[in-house]
Amino acid sequence: MSRPVISATGLYTPPHSISNAELVTSLNSWTDNWNAEHADEIAAGKLEAKQHSSVEFIEKASGIKSRFVVEKSGVIDPKVMRPYIPERPNEQISVLAEIAVSAAREAMAKAGREGREIDAVICAASNMQRAYPAMAVEVQAAIGAEGFAFDMNVACSSATFGIQTAADFVRAGHAKTVLMVNPEICSGHLNFTDRDSHFIFGDVATAVLIEAEDVAPRGSWSILGTHLKTQFSNNIRNNFGFLNRADPSGVGARDKLFVQEGRKVFKEVVPMVSAMIQSEMDRLGIRPSDLKRMWLHQANAGMNRLIAERVLGHEASENESPTVLDTYANTSSAGSIIAFHKHSGDFRPGEKGVICSFGAGYSAGTVFVEKAA
Ligand code: COA
């Protein structure tokens, strides 16, 4: 049986960044217009006036300061409040595949891999651009890979579920080299007119190469163990689908974009994820002092503080639990992979860390890794 390792990662960061101040200015302007348009109903008590957002609230409640997006002008235009991403003809690569390929190329270059050496492609993300053909098959064609490819969606936990799936293919001998990509255009599923959530997400793509140890380059990451968990919850939902093709700006459209009960998520997910990491550490015989770093899902700075503290037994330093949320915001499945990609270069052989995701479903996944010689 081949032992799976992570041999390289890649990152695509979109060219545009939106600060909290820019986002709040557009939401507040949209809100003033909405309140003016509905002044009579508000005065008659039929509608509630909408409230302004604030930079202070966003930073304090979430730790987010800015986010990257593939298209900025529509998002910050109070008359539009959504990214302007024109549909492309079928002959042109789709936006999701394009950013996935960009991240993939970095990972492939680092591992010295050509497309034809890749046996399988998994596109694991929260929001696929279309039903079919699979994004993964488009990525496979773009990089010139053979073998097979498919999409999978486990919301914010898609990447860890993708890593375990790829590792299982390697163990079973179905593939030697698997490319797992996480293109996340979260600005497309976000309601930028909703004060409770307009600040939460950003766009990005990440890529992870999972390979059999015997073909991987030196200095890869041994996968010590993976563990996945799901538990049904309505607290994070997006009801958009092919059975409800209503105009997304129309009545009843609110739940066809991201909606959540943020407080409940915070309360329920922190204990679930801390306990999951701890029980996996017990299973693998890893003590808190053996862990150099936790690359946690990037949804909320407060959640990460609490989870890391429960696991490590002390308040985690930035070095022990790095943050990318401040500049990237929540990038769904890609968050923990961005943290791993940007904050793993200092590891020496034998040092251990954990990649951990959590989100809608609920879903959570852990991938314990050790830097190899
Ligand atoms: N600007 C100013 N005030 C705002 C605001 C905004 N943009 N949005 C909400 N508020 C107000 C609320 O109206 C509320 O006011 P009230 O106390 O008078 O009722 C107050 O701020 C607190 O709102 P609440 O929604 O309870 O905030 P919170 O402290 O729970 O923070 C989240 C909100 C979403 C940042 C936080 O709950 C969170 O991150 N939860 C986890 C989310 C998560 O991980 N989701 C996974 C997605 S994959």
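Order of listing sets the numbers, starting from 1, for every ligand and every atom in it. These numbers were taken from a predicted model, which means no experiment stands behind them. Just the heavy atoms: all of them, side chains too, but no hydrogens, waters or symmetry mates, feed the values below.
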Would you give the length of the straight line joining atom OG of Ser333 to atom CE of Met152, rounded to the nearest 0.5 angstrom?
9.5 Å
What distance do Trp30 atom CH2 and Phe192 atom CZ have between them, rounded to the nearest 0.5 Å?
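These two atoms lie 13.5 Å from each other.
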Is the closest protein non-hydrogen atom to [atom] under 4.0 Å?
{"atom": "atom 17 (O) of ligand 1", "answer": "no"}
{"atom": "atom 37 (O) of ligand 1", "answer": "yes"}
{"atom": "atom 7 (N) of ligand 1", "answer": "yes"}
{"atom": "atom 25 (O) of ligand 1", "answer": "no"}
{"atom": "atom 14 (C) of ligand 1", "answer": "no"}

Side chain or backbone of Val269 under 4.0 Å from ligand 1, or both, or neither, by non-hydrogen atoms?
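Neither part.
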Report the part of Leu27 in contact with ligand 1, treating N, CA, C, O as backbone and CB onward as side chain, heavy atoms under 4.0 Å; options are side chain, backbone, both, neither.
neither
Could you tell me whether the side chains of Ser53 and His198 share a donor-acceptor contact shorter than 3.5 Å?
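Yes, His198 and Ser53 have a side-chain donor paired with an acceptor closer than 3.5 Å.
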Applying a strict 4.0 Å limit to heavy atoms, is Ala360 in contact with ligand 1?
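Checking ligand 1 against Ala360, which is what was asked, there is no heavy-atom contact under 4.0 Å.
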Return the closest protein heavy atom for [atom] as residue, atom name and distance.
{"atom": "atom 31 (O) of ligand 1", "answer": "Ala61 CB, 3.6 Å"}
{"atom": "atom 39 (O) of ligand 1", "answer": "Asn300 ND2, 2.7 Å"}
{"atom": "atom 21 (O) of ligand 1", "answer": "Phe57 CE1, 3.0 Å"}
{"atom": "atom 3 (N) of ligand 1", "answer": "Arg195 NH2, 3.2 Å"}
{"atom": "atom 42 (C) of ligand 1", "answer": "Gln260 OE1, 3.3 Å"}

Single hit among Arg113, Arg171, Arg3, Lys176 for salt bridge (Lys or Arg N to Asp or Glu O under 4.0 Å) with Glu211
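Only one of Arg113, Arg171, Arg3, Lys176 forms a salt bridge (Lys or Arg N to Asp or Glu O under 4.0 Å) with Glu211, namely Arg113.
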Please confirm whether Ser54 comes within less than 3.5 Å of ligand 1 when only nitrogen or oxygen atoms on both sides are compared.
yes
Go through the steps to decide whether Gln298 and Tyr328 satisfy the test side chain to side chain donor-acceptor pair (under 3.5 Å), and finish with yes or no.
CA-CA 9 Å; Gln298 304 283 314; Tyr328 281 84; over 6 Å; no
Salt bridge or not for Arg88 and Glu98, using N-O below 4.0 Å?
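Glu98 and Arg88: salt-bridged.
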List ligand 1 atoms under 4.0 Å from Gly262, heavy atoms only on the residue side.
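Near Gly262, meaning under 4.0 Å from one of its heavy atoms, ligand 1 has 37 (O), 40 (N), 41 (C).
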For ligand 1, which atoms, with element, lie under 4.0 Å from some heavy atom of Ala299?
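Under 4.0 Å from Ala299, ligand 1 has these atoms: 44 (O).
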Mind checking whether Ile76 and Thr25 have side chains closer than 4.5 Å, heavy atoms only?
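Counting from C-beta outward, Ile76 and Thr25 never come under 4.5 Å.
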